[in-house]
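Working notes for the structure below.
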Amino acid sequence: MSASAIGFSDSRAARFWNATIGKKIIMAASGIALVGFVCVHLLGNLNFFNSVEAMNAYARFLRIEPALLWVARGGLLLLVTLHIWASVQLAVLNKMEARPIGYVKRKNTGSTYASRTMYWSGPIIFAFVVYHLMHFTWGVGGTAFEELHPSENIVAGFSVPAISIAYIIAIGMLMLHLYHGVWSMFQTLGVNHPRYTPLLKKFAKILSILLFIGFISIPVAVMLGFRPPQQ
Ligand code: HEM
């Protein structure tokens, strides 16, 4: 949608709109795909509660086709890169908009609240993912690690309360980020309807709460002494 199509007469405002909308769409599209990954990852992780064998078989299954695994990893990396790139670009544009020149009349209160939490939770989540990869993928997170034995690695990792608590805090932040992200994505896509908007907001809230409970159930269970059966 062009700026003139939505009624901007001021050419600077039009340029601002054109500069931001493409980036917001990139944020939203990469964000949706990343939420998809997070949901699938949680479903895979819940195998932990079935048995040691179920969890480890899942890890082996992911490696049945190494080429496919690397395509998926490449795709994830591309999505994360696009998401971060667009967020940095939008932060710069937002700063320009905030300059007291007084030419942009459009005021988007929803995105200012979201952006405040998004810009500090984003880097923390990034740091968490790097540590998480060191921990469970590369095996250099400081706790016992054996390739293709995620079940034992998870028990070893989450038996250290400081690690479990750090995970729980980071997952909480991710879910806050996801809640605001899903919500502002609906706005970006132009979904704004008196009946559906509150429902979508509720959907974003329920999804992030369910994901939060699902993810933290694992470190909480390990801290409470749960150990999966062998078979
Ligand atoms: C308590 C929560 C979590 C547990 C127990 C967990 C467990 C694991 C395990 C065991 C692996 C290694 C899989 C393998 O190599 O076979 C892994 C990889 C990964 N996890 Fe998590 N995870 C959790 C939360 C998260 C969250 C919240 C995110 C998203 C930000 C995430 C993102 C990733 C990524 C990107 C990989 C690398 C995938 C790959 O390249 O193979 N994880 N996780």
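Atoms considered below: every heavy atom in the structure, side chains included; atoms not considered: hydrogens, waters and symmetry mates. For ligands, and for the atoms within them, numbers begin at 1 and follow the listed sequence.
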Atom 35 (C) of ligand 1 touched by protein (heavy atom, under 4.0 Å): yes
Ligand 1 N/O within reach of Asn45 N/O, cut-off under 3.5 Å: yes
Nitrogen or oxygen atoms of Thr137 and ligand 1 under 3.5 Å apart: no
Contact with ligand 1 for Phe37, non-hydrogen, under 4.0 angstrom: yes
Heavy-atom gap Tyr58 to ligand 1 smaller than 4.0 Å: no
Numbering as shown, the atoms of ligand 1 that approach Phe158 to under 4.0 Å (heavy-atom distance): 1 (C), 5 (C)
Numbering as shown, the atoms of ligand 1 that approach Ala59 to under 4.0 Å (heavy-atom distance): 16 (O)
Nearest-contact summary for [atom] - protein heavy atom, Å:
atom: atom 41 (O) of ligand 1; result: Arg73 NH2, 3.0 Å
atom: atom 14 (C) of ligand 1; result: Arg63 NH2, 3.4 Å
atom: atom 9 (C) of ligand 1; result: Phe136 CB, 3.7 Å
atom: atom 30 (C) of ligand 1; result: Val129 CG2, 3.6 Å
atom: atom 26 (C) of ligand 1; result: Phe128 CE2, 3.8 Å
atom: atom 10 (C) of ligand 1; result: Pro150 CB, 3.7 Å
atom: atom 2 (C) of ligand 1; result: Phe215 CD2, 3.5 Å

Atom name in His41, limited to N/O/S, at shortest distance from atom 21 (Fe) of ligand 1: NE2
Nearest option to atom 29 (C) of ligand 1, as decided by whichever heavy atom of Leu133, Leu174, Val35, Asn56 sits closest: Leu174
Selection from His149, His132, His177 by shortest heavy-atom distance to atom 8 (C) of ligand 1: His132
Give the cluster check for [X] versus [Y]: same hydrophobic cluster or not, with ILVMFWY residues linked at side-chain heavy-atom distances below 4.5 Å.
X: Phe212; Y: Leu224; value: yes
X: Tyr131; Y: Ile216; value: yes
X: Tyr179; Y: Phe126; value: no

Met55 side chain reached by Ile154 side chain, heavy atoms, under 4.5 Å: yes
Sub-4.5 Å side-chain heavy-atom contact between Gln231 and Val52: no
Salt bridge flag under 4.0 Å for residues Arg60 and Glu53: yes
With Ser208, the side chain to side chain contact (heavy atoms under 4.5 Å, CB included) member among Leu178, Val38, Leu176, Val182: Leu178
From Val140, Asn153, Thr137, residue fulfilling side chain to side chain contact (heavy atoms under 4.5 Å, CB included) relative to Phe145: Asn153
Polar side-chain atom of His83 near backbone of Ser30 as donor-acceptor pair, under 3.5 Å: no
Asn47 (side chain) donor-acceptor with Gly44 (main chain) under 3.5 angstrom: yes
Ligand 1 contact on Pro219 by region, counting heavy-atom pairs under 4.0 Å: side chain
Pair Tyr167-Phe128, ring pair (Phe, Tyr, Trp, His ring centres under 6.0 Å): steps then yes or no: CA-CA 8 Å; Tyr167 263 81; Phe128 159 74; 5.2 Å; yes
